Amino acid sequence: MSIVSAIQPPEALAPDGARVLIVDDSATVRLKLSKAIQMLGHETTAVASGKLALEQVAQNTFDLVLLDIVMPEMDGFEVLKTLKSSRATRDLPVIVISALDEEMSSVVNAIELGAEDFLPKDFEPALLEARVSTCIEKKRLRDIEKEYLRQVAKLTRAASALEAGKFNPSKLGLQDVTGRRDGLGKLATVFSTMAQKVYERERQLRQNIRTFRGGLLLIACGALWGLIVPLSKMAANIAAHPIGLALLVDAIGAALCIGICASRKTLPPLNTLTKTEWTYIAGLAFLSSVINQLLVYWLVGKLPAFIVAIVIVLEGFAVFLFAAVMRVESPRLKRFLGLAIGLIGVGAIMVNAETGGEEGQWLWMALALLIPATYAAEDLYISQKQPTNIDCVAIYGLALTASCFMLIPLAVGFSDFIPVQFLAGKLGVIVILIALASALAMILFIYLIRTTGAVFASQSAYATTVAGIGWSIVLLGEYIPLWTWAALGLIIVGLIMVEPKQEAEEEPPLLDGAIEDLPI
């Protein structure tokens, strides 16, 4: 029993109308054969030369070729050799047409070259029907067998791809295999169903790992940025020079980042950067190192450090709104509830916070609301614009260098340089600590946005708030009421409810195209 009879019901093998190509230089023979073939219920195409025959085969699909051996220019042997030498046409059956006065050796030679059978030009109708029907049926059996083997190979390759753990089963293109009604179709259906379940479990596990890793990065960024707030307050208490402080911090950070890149050889040649990349670096310098820094350094001189840290947490809500309006990320209900819970905690803290009762305190708090708005703009800018082909440290090092050129004119215009004598004491240590914390936090933050998205990365503001309050207690001795910690608990719950964005799965290979090269 053949493989075809085992996989295909008998009724599917009935030789319905086929397409037959007739090749003969005699118009009479072509007409005679065409009429006889059409009487059998098949469609015919007749040509007068071997060259025209090859053109027809290249442009159309045929089930059988009736080929004359003796023809001018290109004889039947040359046509037969060409057909059998091509993978696309080697299984196309050919019946050679021979005259009674031709030598039998020519017919034998044609069969050795791959012809299925021979037919005399003075044929009997019954003989023609028998040989044509047999060849067409064998062709269709071979087509069914080839398709079956192609689908077996496709299923095998899909299994190998999934074994490597790289592909989504729903994207492997097995629909034509699972649609079969035989055993192979059932096997493919069971395989696809089970593979999809396994894949979904593994995908969820990868997502959980990304969430956990992202959470650790959030905590690290928050701890570093939270440290910057009380350190900035300490610097302002010694000498309130926000522009000069920003200039020194950026200069130290730039030297650190560029030094790291130089040692790792990851700093790209400046002349290779495109206009778009330079524009991104300038924009990052303006948002991150000029606007955001100056706001924080200026307002910590007017407000308690823990109040500034609390205001920063509004960054998450601002990013959520901006991303929803811009349709950067989907505003899912779970994320919205998480942000809402976090904001309830922030509101409770701000309403009940003891600000010291200084004149104009609430005005400064209103101005402080600009900090999370600018942070949110920075998050989305990094998420949407950053070039992925440049190292994170190199990007930030170049941005810090650019910010220095932006800050120098401001420092000169406002005469806001930190006196050199102050740097030899406590203020110098504080400036170095701020620079180190800022550089490390921003590098981690750029990587966090690249891997988890702007909405999730913006939740570092929650960790910054918690860390800022803690550092303010330790370094500045600021008093935080006990109920504040309960409100911070709500903030943590909100953080947990916001997950990283789903990463796109790798696209599967073009299995059909690859399988065409298999020797079936």
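Count residues from 1 along the sequence. Computed from a predicted structure; not experimentally measured.
Within the 4.5 Å cutoff, the side chain of F286 has heavy atoms near those of the I291 side chain. Counting heavy atoms from C-beta outward, L67 and V79 have side chains that approach closer than 4.5 Å. Taking 4.5 Å as the limit, every side-chain heavy atom of T266 sits out of range of all side-chain heavy atoms of I390. Y375 has its side chain out of reach of L287: every pair of non-hydrogen atoms, C-beta onward, lies at least 4.5 Å apart. Looking at heavy atoms from C-beta onward, L270 lies in side-chain contact with L398 at the 4.5 angstrom threshold. A heavy-atom distance below 4.5 Å is found between the side chains of Q293 and D250. Residues L128 and P125 fail the side-chain proximity criterion, which asks for heavy atoms closer than 4.5 Å. Within the 4.5 Å cutoff, the side chain of I95 has heavy atoms near those of the C135 side chain.
Put simply, CG on L440 and CD1 on I260 are 8.5 Å apart, with the number rounded to the nearest 0.5 Å. Taken from CG in D391 to OH in Y447, the straight-line distance is 12.0 Å, to the nearest 0.5 Å. The distance from atom CD1 of I22 to atom OG1 of T44, rounded to the nearest 0.5 Å, is 5.0 Å. Distance check, rounded to the nearest 0.5 Å: CG of L52 to CE of M74 gives 10.0 Å. Taking CD1 of I395 as the reference point, atom CD1 of I443 lies at 10.5 Å (rounded to 0.5 Å). The distance from atom OG1 of T279 to atom CG of L284, rounded to the nearest 0.5 Å, is 12.5 Å.
With F123 as the aromatic partner, R131 does not meet the cation-pi criteria of under 6.0 angstrom to the ring centre and within 45 degrees of the ring axis.
More than 12 heavy atoms of other shown residues, nucleotides or ligands fall within 6.0 angstrom of atom OH in Y381.
Nearest heavy atom pair, residue I69 against residue A110, reads CD1-CB, 4.4 Å. Closest heavy-atom contact between S403 and V290: CB-CG2, 4.2 Å. Here the closest non-hydrogen pair linking F77 and L113 is CD2-CD1, 3.8 Å. L444 approaches C221 most closely through the heavy-atom pair CB-SG, 3.6 Å. Counting all heavy atoms, side chain and backbone alike, L400 lies closest to G253 at CD1-C, 3.3 Å. Taking all atoms of both residues into account, the shortest heavy-atom contact from Q56 to V47 is CG-CG1, 3.9 Å.
Under a 4.0 Å N-O distance rule, the pair E137/R140 does not qualify as a salt bridge.
D91 pairs with exactly one of K138, K146, K139, K84 by the salt bridge (Lys or Arg N to Asp or Glu O under 4.0 Å) rule, that one being K146.
Between the side chain of N109 and the main chain of E112, no donor-acceptor pair closer than 3.5 Å is present. Looking at T89, its side chain never comes within 3.5 Å of a backbone N or O of L92 through a donor-acceptor pair. Without hydrogens or angle criteria, S133 side chain to A130 main chain gives no donor-acceptor distance under 3.5 Å. A distance-only check finds a donor-acceptor pair linking the side chain of T401 to the backbone of G397 [under 3.5 Å]. Side-chain N or O atoms of S288 include none that pairs as donor or acceptor with a backbone N or O of A285 at under 3.5 Å. The backbone N or O of L83 lies less than 3.5 Å from no partner atom in the side chain of S86, so there is not a single donor-acceptor pair.
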Run the side-chain contact (heavy atoms from CB on, under 4.5 Å) test on D63 and V20 for me, step by step, so that the C-alpha distance in whole Å, both residues' side-chain angles and the decisive distance to 0.1 Å come before the verdict.
CA-CA 6 Å; D63 298 296; V20 180; 5.9 Å; no
side-chain contact (heavy atoms from CB on, under 4.5 Å), that's the test. Do T45 and N60 meet it? Break it down for me.
CA-CA 10 Å; T45 299; N60 303 287; over 6 Å; no
If you apply the rule side-chain contact (heavy atoms from CB on, under 4.5 Å), what do you find for V23 with M71, and how did you get there?
CA-CA 9 Å; V23 188; M71 291 184 295; 3.8 Å; yes
For side-chain contact (heavy atoms from CB on, under 4.5 Å), just list the numbers for L64 and L21, CA-CA rounded to whole Å, side-chain angles, deciding distance to a tenth of an Å, and then say yes or no.
CA-CA 6 Å; L64 175 65; L21 176 63; over 6 Å; no
Acceptor/donor pairs from residues 24-37 side chains to any protein atom, 3.5 angstrom cut, sequence neighbours excluded:
from	atom 1	to	atom 2	distance (Å)
D24	OD1	S26	N	2.8
S26	OG	T28	N	3.4
S26	OG	V29	N	3.3
R30	NH1	D24	O	2.7
K32	NZ	K121	O	3.4
S34	OG	R30	O	2.8

